[in-house]
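Below: the structure, in structure tokens.
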Number of protein chains: 2
Amino acid sequence: MYNTYVNPDSHPDTEKRIREAASKVFQLKGKAGASMQEIADEAGINRTLLNYYYRTKDKLFEAIFRDAMETFVPYLVSVLNSDRSFSEYIHEMVDTLINTLLENPQIPVFVLQELSTNPMRMANLIRELGVDTDQGLAKFYKEFTNTDLAGTDPRQIIINLLGLCIFPFAARSIITVILYNGDNQAFDKAMIERKEYLPAMILRSINYEK
Amino acid sequence: MYNTYVNPDSHPDTEKRIREAASKVFQLKGKAGASMQEIADEAGINRTLLNYYYRTKDKLFEAIFRDAMETFVPYLVSVLNSDRSFSEYIHEMVDTLINTLLENPQIPVFVLQELSTNPMRMANLIRELGVDTDQGLAKFYKEFTNTDLAGTDPRQIIINLLGLCIFPFAARSIITVILYNGDNQAFDKAMIERKEYLPAMILRSINYEK
DNA sequence: GTCTATATTGTGATAGAC
DNA sequence: GTCTATCACAATATAGAC
């Protein structure tokens, strides 16, 4: 057998631990607020190892940001491309979005912050991930006009859908403090109820008769 | 006349220029991403003057953040405390929020970012600004139950209201790129239409009969 | 792959002249 | 109030030993 020798000092999962640590710190403090030292400490490794694996902070962030996008963009794409009735479509989208956000509650602020300081990166990244937004939208528009809801710009509906699902997580801390007495579990419970509540609410808002 | 002497080097509006520059840079890059040098350059002054006026970066940020909050919190409070029908209440709130955000489109990301890294600051600030959230909510809850919309948790309605108004501005750049072909004016136009569209949409969503 | 040591630059902050 | 000079320190990044 060849190549069975392993450096006793090497940690085969170092890269994975770096990614997890970097993801945690970046999402908590933002790109500029995070330091390489902090990420190294969180990963339990020497700071210079970060440079060994990713050369620069910028490249490390790039990788982590891409990771974050890849955790939820494919879900959205699969819903966009699925063949479902408009009602099912709304149900699926709300369910997918809120489930993903319950597991990654920091993503909205993380993405929105990067989005505002670097608007082009995300647009490019979405294209790189192979998402054809025009096609997805065309499908939505077609489905939408089929339900004789004309008169309303379908783009407003898309903004509603995203805002209703994403905003509560973006403003999570203040919402929890003011509306739920600082009880994080109560917030999560409300979001789970929201999965049931939103689709009917949205369909009602556009006078959609099942 | 006393005290008419003015140092020829003095700029009586220096503090104002600092605040404007700091506000612009902080909103664009976030607290950690902004540097004192950059703010000084933007204001066209020497960097050490920032320390002269605000001693530390932290205190400067505190002042700017408070400024930002004070630009829209009072509006919300005045609506919260006004004596209006539920329908008028929704109209007023949407109008006030979107008008403020059209003039300060960067505020949502700015506030949300700070909110996620420093959750307590904003809760404290809201209290300091003299906003009695409990009273405002009590009023909303009462108004809400009067319209026999029981069965829905009124907190979900508040989250809807805020998300529908604030989210599009938080995600402004990506929405503009994907939905409006990168045309910023088209986005603004859509938000102005949204002022008309949202109140009716919200009232419909809760089966409210005028 | 992982460490120590070091280079280099950036940044917040203060002291002191004018 | 505004500037120059300077400080102390933190940050990213690289070189080189093991």
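Predicted, not measured: the structure shown is a model, and the values here were computed from it. A note on names: the letters A, B, ... follow the listed sequences, proteins ahead of strands, and every chain is numbered from 1.
The side chain of Thr48(A) lies closest to dT14(D) when the candidates are dT14(C), dA13(C), dT14(D). The Ser35(A) side chain lies nearest to dT12(D) when the options are dT14(D), dT12(D), dT2(D).
Regarding Asn51(B), its CG atom lies at a distance of 14 Å from the P atom of dT2(D), rounded to whole Å. Atom P of nucleotide dT2(C) and atom CD of Glu15(A) are separated by 10 Å, given to the nearest angstrom. Rounded to a whole Å, the CZ atom of Arg47(B) is 17 Å from the C1' atom of dG1(D). Summarising the geometry, the separation between CD on Glu38(B) and P on dG10(C) is reported as 13 Å, rounded to the nearest angstrom. Between Met36(B) atom CE and dC3(D) atom C1' there is a gap of 16 Å when expressed in whole angstrom units. For the pair Leu49(A) CG and dG1(C) C1', the computed distance is 7 Å after rounding to whole Å. For the pair Ile39(A) CD1 and dA11(D) P, the computed distance is 11 Å after rounding to whole Å. Rounded to whole Å, the distance from OH on Tyr54(B) to P on dT14(C) is 16 Å.
At least one side-chain nitrogen or oxygen of Tyr53(A) sits closer than 4.0 Å to the OP1 or OP2 atom of dT2(C). Under 4.0 angstrom from either OP1 or OP2 of dT2(D) there lies at least one side-chain N or O belonging to Thr14(B).
Identified under the salt bridge (charged side-chain N to carboxylate O under 4.0 Å, His left out) test for residues 99-118 of chain A, with sequence neighbours left out: Glu114(A)-Arg121(A). Judged as a ring pair (Phe, Tyr, Trp, His ring centres under 6.0 Å), the pairs with a partner in residues 15-38 of chain B (not counting sequence neighbours) are, in order, Phe26(B)-Phe61(B).
Within the 4.0 angstrom heavy-atom criterion, only backbone atoms of the sugar-phosphate kind lie near Ala34(B); the bases stay farther away.
Judged by distance alone, the side chains of Gln27(A) and Ser23(A) do bring a donor and an acceptor atom under 3.5 Å apart.
Note on ring orientation: taking the six-membered ring where Trp is involved, the planes of Tyr89(B) and Phe140(B) are tilted (angle from 30° to 60°).
Summarising the geometry, atom CD belonging to Glu128(B) is positioned 10.0 Å from atom CE belonging to Met69(B); distances are rounded to the nearest 0.5 Å.
Closest-nucleotide positions on DNA chain C for Thr56(B) and Asn46(A) were compared, and the one nearer the 5' end corresponds to Asn46(A).
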